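Before any comments, here is the structure.
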Amino acid sequence: MHKAGFVNIFGKANAGKSTLMNALVGEKLAIVSPKVQTTRHRITGVVTTVDYQIVFSDTPGIIDPRYRLHEKMMGAVKSALEDADIAMLMLDARDNVAENLELFSSLKLKATCLLVVNKADLLKKEALDEVVKQCEAWGKAEVVVISALKQQGIPELLARIVSLLPESEAFYPEDTLTDKSTRFFVAEMIREKIFHLFDEEIPYHTAVAVTQYQEKNTLIKITAEIIVTRETQKAIILGDKGSSIKKIGTLARQDIEKFVGQKVFLELFVKVRGKWRDNDIYLKEYGY
Ligand SMILES: Nc1nc2c(ncn2[C@@H]2O[C@H](COP(=O)(O)OP(=O)(O)O)[C@@H](O)[C@H]2O)c(=O)[nH]1
Ligand SMILES: [Mg+2]
């Protein structure tokens, strides 16, 4: 019997959804940062064996929209809520359990749910047992404890998922890894560096658009634009004598080279587009 299904990850910002997705797929598809709202798209990662195919989806953390960008982000969550065969409801073990359970109840899910308690590595056994007890009392989902970062409990979680998968043919050819393009991942890797290097509002005012992707004989030439909302932000991204943008470029290029398995020449520009987060035309241009 062949099994296949959509397994989608939901939860508050910073629960570790993207880290889990990468651990399950065994490939760094989703960018990760300690800041909230790093993930802006639904990103799929496909795992195929002879017996099953799982289409995982990482989603943005659930928030109340304040910008058009946020509405688009919650649209990605909504689509994932609708087509999930299995919903992995994820919480940070240190976070308020009741609040998370209330959020999960409000999603009104019809799919089979797994309640995934993450960051088990950060709690002592007694505290973790207490969290698990509270989660089990909810009664709406089987509870699984993991550490996505330390890759603990992942094989057990995968086994639970496989046991719950519906009987089905595969949805995608066996060599499929994701539904997103290489250009998308390039833009995301640049965006991740901005989340890591800058504080306060900069990461939240930034978008990245790949404007050129040219495969040459010995390397790939990539040009990308970093879009911000104000001139002052542009100056910060550039840094003293261009030192900051150089750092972004170097770090992103290393990740991109690993991802595409080839040498990369990366050129970055900064553009100011006031209010791009509330402008449908810009949002579309930047992939939202
Ligand atoms: N200690 C610990 N940190 C984790 C774990 N999983 C994720 N993190 C960290 O939590 C932060 C948010 O992770 P991310 O995957 O981006 O969360 P998301 O917003 O739910 O996608 C990052 O700094 C991760 O390194 C875990 O199991 N243990
Ligand atoms: Mg994420």
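The analysis underlying the following values was restricted to heavy atoms, covering all of them including side chains, and did not include hydrogens, waters or symmetry mates. Since we're looking at a predicted model, the values are computed, not measured. Whatever order the structure lists them in is the order used to number ligands and atoms, beginning at 1.
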Nearest protein heavy-atom contact for [atom]: which residue, which atom, what distance?
atom: atom 12 (C) of ligand 1; value: N14 OD1, 3.0 Å
atom: atom 13 (O) of ligand 1; value: T19 OG1, 3.6 Å
atom: atom 3 (N) of ligand 1; value: L149 CD2, 3.6 Å

Student check: side-chain heavy atoms of L238 and S244 closer than 4.5 Å: no
Give the numbers and elements of all ligand 1 atoms closer than 4.0 Å to a heavy atom of [X].
X: D121; value: 1 (N), 2 (C), 26 (C), 27 (O), 28 (N)
X: S147; value: 26 (C), 27 (O), 28 (N)
X: P34; value: 23 (O)
X: G16; value: 7 (C), 13 (O), 14 (P), 15 (O), 17 (O), 18 (P), 20 (O)
X: L122; value: 1 (N)

Looking at D255 and K193, is there a salt bridge between them, counting it only when a charged N and a carboxylate O are closer than 4.0 Å? yes
In terms of side-chain geometry, is the basic nitrogen of E156 or R160 positioned less than 4.0 Å from the acidic oxygen of its partner? no
Give a yes/no verdict on whether any heavy atom in S33 is under 4.0 Å from an atom of ligand 1. yes
Heavy atom of A15, distance to ligand 1 below 4.0 Å: yes
Looking just at side-chain N and O atoms, do [X] and [Y] make a donor-acceptor pair shorter than 3.5 Å?
X: T206; Y: R191; result: no
X: N100; Y: D95; result: yes
X: S18; Y: T39; result: yes
X: H2; Y: Q53; result: no

Within less than 2.8 Å of the Mg ion (ligand 2), any N, O or S from S18? yes
Just checking: T38, one of its N/O/S atoms, less than 2.8 Å away from the Mg ion (ligand 2), yes or no? no
Flag yes if more than 12 heavy atoms outside K150 fall under 6.0 Å of its NZ atom; otherwise flag no. no
When the aromatic ring centroids of F195 and Y204 are compared, is their separation below 6.0 Å? yes
Using distance alone, determine whether [X] and ligand 1 share an N or O pair under 3.5 Å.
X: K119; result: yes
X: K17; result: yes
X: A13; result: no
X: N118; result: yes

Salt bridge (charged side-chain N to carboxylate O under 4.0 Å, His left out) partner of E192, chosen from R40, K28, K35: K28
